[in-house]
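Within every chain, numbering begins at 1; the chains are lettered A, B, ... in the order of the sequence lines, protein sequences first and strands thereafter.
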Amino acid sequence: MSDNETSRSSNFIRQIIDEDLKTNKNNGRVVTRFPPEPNGYLHIGHAKSICLNFGVAQDYTGSCHLRFDDTNPNKEDSEFVQAIQDDVRWLGFDWGEQPYFASDYFQQLHDYAVQLINMGKAYVCDLSAEEVREYRGTLTEPGRNSPFRDRRVAENLDLFARMRAGEFENGTKVLRAKIDMASPNINLRDPTIYRIRHGVVHHQTGAEWCLYPMYDFTHCLSDAIEGITHSLCTLEFEDHRPLYDWFLDTLGTDCHPQQIEFSRLSLQYTLTSKRKLTELVNEKLVEGWDDPRMPTIAGMRRRGYPPAAIREFCHRIGVTKSGNSVEMGVLESCVRDELNAHAERRMAVLRPLKVTIESYPEGSGEMLVVSNHPQDESMGTREIPFSRELYIDRNDFLEVAPNKKFKRLVSGGEVRLRNAYVIRCDEIIKDAAGNIVELRCSHDPETLGAAPEGRKVKGVIHWVSAPHALTAEVRLYDRLFNHPAPDASKDGKNFREHLNLESLEIVTTCYLEPSLEHAKQGKVYQFEREGYFCRDSHSAEQRSLIFNRTMTLRDSWAKIESANMHSGVLGGVNKHPRRSQ
RNA sequence: UGGGGCGUCGCCAAGCGGUAAGGCACUGGGUUUUGAUCUCAGUAUGCGCAGGUUCGAAUCCUGCCGCCCCAGCCA
C-alpha cells in the first residue's frame, strides 16, 4: 500500500479515536475487528468496512482482528471461511498471526450465560417461537412477561445444563436475558441469547455443541475477550448498542469496547445484500460468486479491478452516518485511474475488418518497437509485427464521414495506424449482399515515426497484423442491473426483474497482437482505444485465449455521437457504442 | 401514532459560531500518433423548512417537514 494512501482520510470515527487517545482512554491502544459471518462471499460493502477497520488500525499503529462471527451453523460453510481470508488478503490487509472465531469462545460464552443465570439476569423460556413473538408486543405496545420469566435460579441452571446435554428438541426452549419487556427499544424485551440446534455440524466445532449463542450476546463478549477498543458496525445495529452495553456492564467484563455505527454503502445499479447475491448464485443467474459482473471482491478481482482501486474507492466515499447512494462512476473512475497509470498498452481488434496495404511489398514485413506506456518509459518497449495484411476495427471505417468531427478512416481518406504508418483507403470490397469485407489501402512509407508532409492526419486507429494475429474470445460486461436501486425500486418489482439481460456480450473472434500469447491470468492490459482487459482466470488453461473487459476507456466521442443521435443530427454510426458498465 | 438515526451542488463529502474544502459527474479551452491520459477554466449569495439567539449561524435554541432502521430461536 502506498504512503499517500494512508494517513490522509479523516472521518467522525477517527475524530472519536483522536479524542480517546488524547484522554488516554484505552492506554493509547487501538484495536478494531472485521467480523464477517462465513455465510457468503465478501462484497464491495464489506470492502468499505475492511478498509475502515484495517485502515484505522494501520494508521494508529494498532491492530485489526479478522474474526468470523460463526454462531449460526445452519447458514455457514468453510468454503466461505477460506474465500473471505483470500479476499481480505488480496485487498491488501494483514490480520496478523491468525484469524479469530467466535466459536473459539463457545465455552467462555456458555460460562458467561451461566453467570447471568446466577445473577438472576437470564432464564430458560419454554415459549414457542411464535409465542415469544406474541409476548414481545409491537412497536407501539409494550410486551408481556413470559410465564417462565420468574423461574428460580436453580431451576434455570438445571434446565440450561440439560439444554446443553441435548435433552430438549429444537425450538422447545431458549435462554433469554431478563431485561425489560416494556422497553420502548424492542431489542431490550428479553432477547433470546441461546437456541437449540441439533443435527448440524458446525464448520469449526463439529458436533460438540447443540446450543448456539445469538449475535447480540456473542458479539460484545467476543469483542471484550479480544480486547477490542473500537467496535465499528453499520447503522442498523445502533438500536442494539444498549444491549451490547447491557451484557458487558451486567457481567462486569474488564474490557468494554465502544460500539460506533456508520452507514452502510449503497452502490447504484448493484446490490449489497448477501441474501440476494446468494440467490443470484444459487439460482445460476450468474456464473458464481466470482462472476465478473458480481459486486463481490472475488468478482471484481476476476474482472480485473486492482485492489488499490477498491481501496481508493473506499477512501473517496468516506465514512459518515448519513444515507447514501454512490454512483458507479466513482468506482469506475478509481479503476481507470489505477489502470491508466499501471497497465501496459497493447493492440487488439475486437470487430475485425480486413485491410490490405497494396503498396507494401508482398511477402515482406518488419518488427516495430513500440512503448508499453505513453507516459511511463520505465515500462519499457515491445516489438509488434507489421505486414501487408492487417485487421482494423469495423467501427473505425465508414464509407462517408457522417460529419466534420469524424476523424477515423473513410473512403479516399487518410488515417494514422497507431505506432505505424499513415494509410489511405483506395478501394472498398463488398460481398454479394453489399457488406464491406475488405479495404484496399496504400501507405506513406515516410510516416513511420514522422508526421506526413504537407497535410495533417488527425485520426489514429489501432490494428494488428493478420498473419501474426492471435485469435481470442473477449467478454464484454455491462451493469448487472438496469435500475439504480434494484433492491429498493418503488415499482413493486422484485430485484430479479431488474436484471440486465445484456450484461454479458461474448465476442468470439477477436485478433490480438502476438505479445499477448502468454499473458498472465489477472494481469490487466489496456487494449488501446478499447479499454482495459485481463485474461480470464478460470478458463485460460483449458480454452485458448479468453479476455474479460475490466473497464472501458472514457469515451467522449460516444458521448457526442449519442447526443447527436438523440437530436437527429446524424444516423447510427457506431453499432456498438461504448458504454461504461 | 413507540424507539433509534439522518437531511450541505446531480452523486459522495469537508465544515464543529467568523462569512460554503475536495472528489465523481457535467460544460468550455489547450496539449496529444489512444476521440485515452494530462492540463486550464466554469459550476451552491446557499447548507430540508420556519422562527429565534448573536455584531456575525450550515454550525447554538425552538417548532415543523422529509427519508432510513427496529417487532428472527439471522447477523
So, do A/H110 and A/F160 have ring centers that fall under 6.0 Å from each other?
-> yes

What does A/E238 touch in the nucleic acid at a heavy-atom separation under 4.0 angstrom: a base, only the sugar-phosphate, or nothing?
-> sugar-phosphate

A/R136 vs B/rC73: side-chain N/O to OP1/OP2 distance below 4.0 Å = yes

Mapping A/R316 and A/A129 onto RNA chain B by nearest heavy atom, which one lands closer to the 5' end?
-> A/R316

With A/F547 as reference, evaluate A/F533, A/F527, A/Y525 under the ring-ring contact (aromatic ring centres under 6.0 Å, His included) test and give the passing residue.
-> A/F527

Anti or syn - B/rG63, cut at 90° from 0 | anti

Within this structure, what is the OH-to-C1' distance between A/Y212 and B/rC73, rounded to whole angstrom?
-> 14 Å

Hey, does A/F237 reach any base, or is it just sugar-phosphate, or nothing, if we go heavy atoms under 4.0 Å?
-> base

How is A/T192 classified with respect to the nucleic acid when contacts are heavy atoms under 4.0 Å: base, sugar-phosphate, or nothing?
-> sugar-phosphate

So, is A/S263 near the phosphate of B/rG5, with a side-chain N or O under 4.0 Å from OP1 or OP2?
-> no

To the nearest angstrom, how far is A/L235 atom CG from B/rA75 atom C1'?
-> 16 Å

Report the distance from atom NE2 of A/H315 to atom P of B/rA14, rounded to the nearest whole Å.
-> 11 Å

Would you classify A/N340 as touching base, sugar-phosphate or nothing, given that sugar-phosphate means primed atoms plus P, OP1 and OP2, and contacts are heavy atoms under 4.0 Å?
-> sugar-phosphate

In Watson-Crick or G-U wobble terms, both distances under 3.5 Å, what is the partner of B/rC24?
-> B/rG10

Has A/R336 got a side-chain N or O lying under 4.0 Å from the OP1 or OP2 atom of B/rC38?
-> no

Hey, does A/K407 reach any base, or is it just sugar-phosphate, or nothing, if we go heavy atoms under 4.0 Å?
-> base

Is any NZ, NE, NH1 or NH2 atom of the basic residue among A/K22 and A/E19 found under 4.0 Å from an Asp or Glu carboxylate oxygen of the other?
-> yes

In whole angstrom, what separates A/R133's CZ from B/rC73's C1'?
-> 11 Å

Base, sugar-phosphate, or nothing for A/D69, non-hydrogen atoms under 4.0 angstrom?
-> sugar-phosphate

Please state whether the base of B/rG10 and the side chain of A/E327 form at least one donor-acceptor pair under 3.5 Å?
-> yes

Taking OP1 and OP2 of B/rG15, is either one under 4.0 Å from a side-chain nitrogen or oxygen of A/Q15?
-> yes

Would you classify A/P374 as touching base, sugar-phosphate or nothing, given that sugar-phosphate means primed atoms plus P, OP1 and OP2, and contacts are heavy atoms under 4.0 Å?
-> base

Verify, without hydrogens or angle tests, whether A/N372 (side chain) and A/M379 (backbone) share a donor-acceptor contact under 3.5 angstrom.
-> yes

Give one of base, sugar-phosphate or nothing for A/T447, where a contact means two heavy atoms less than 4.0 Å apart.
-> base

Below 4.0 angstrom, N of the basic side chain to O of the carboxylate: do A/R241 and A/E261 qualify?
-> yes

Here the distance between atom P of B/rU32 and atom CZ of A/R529, to the nearest Å, is 18 Å

Hey, does A/M347 reach any base, or is it just sugar-phosphate, or nothing, if we go heavy atoms under 4.0 Å?
-> nothing

Could you tell me whether A/R275 contacts a base, only the sugar-phosphate backbone, or nothing, with contacts defined as non-hydrogen atoms closer than 4.0 Å?
-> nothing

Stacking between A/Y215 and the base of B/rA75 (centre distance under 5.5 Å, interplanar angle under 30°)?
-> no

Are the charged groups of A/R264 and A/E236 less than 4.0 angstrom apart, N to O?
-> yes

Assess whether one donor atom and one acceptor atom, taken from the side chain of A/R554 and the base of B/rU37, lie less than 3.5 Å apart.
-> no

Please state whether the base of B/rU34 and the side chain of A/E530 form at least one donor-acceptor pair under 3.5 Å?
-> no

Hey, is A/D337 close enough to A/R316 for a salt bridge, meaning N to O under 4.0 Å?
-> yes

OP1, OP2 of B/rC11 versus side-chain N and O of A/S325: anything below 4.0 Å?
-> no

Scan A/V174 against the nucleic acid and name what it touches under 4.0 Å (heavy atoms): base, sugar-phosphate only, or nothing.
-> base

Looking across every strand, which nucleic acid part, if any, lies under 4.0 Å from A/G143 by heavy atom: base, sugar-phosphate, or nothing?
-> nothing

Is any side-chain N or O of A/S10 closer than 4.0 Å to OP1 or OP2 of B/rA14?
-> no

For A/R416 and A/N324, take the nucleotide of RNA chain B holding the closest heavy atom to each; which residue's nucleotide lies nearer the 5' end?
-> A/N324

Nearest-angstrom distance, P atom, B/rA58 to B/rU19 | 11 Å

May I ask you to say what A/G171 touches in the nucleic acid, namely base, sugar-phosphate or nothing, with a heavy-atom cut-off under 4.0 Å?
-> base

Any A/K321 side-chain nitrogen or oxygen under 4.0 Å from OP1 or OP2 of B/rC68 = no

May I ask you to verify whether the side chain of A/N185 and the base of B/rG4 hold a donor-acceptor pair under 3.5 Å?
-> no

With sugar-phosphate meaning primed atoms plus P, OP1 and OP2, does A/S128 contact a base, only sugar-phosphate, or nothing at under 4.0 Å between heavy atoms?
-> base

Would you kindly give the CZ-to-C1' distance between A/R189 and B/rG3, to the nearest whole Å?
-> 9 Å

Given B/rU34, is OP1 or OP2 found less than 4.0 Å from the side-chain N or O atoms of A/R408?
-> no

Within 45° of the six-membered ring axis of A/W209 and under 6.0 Å from that ring's centre, is NZ or CZ of A/R164 located there?
-> yes

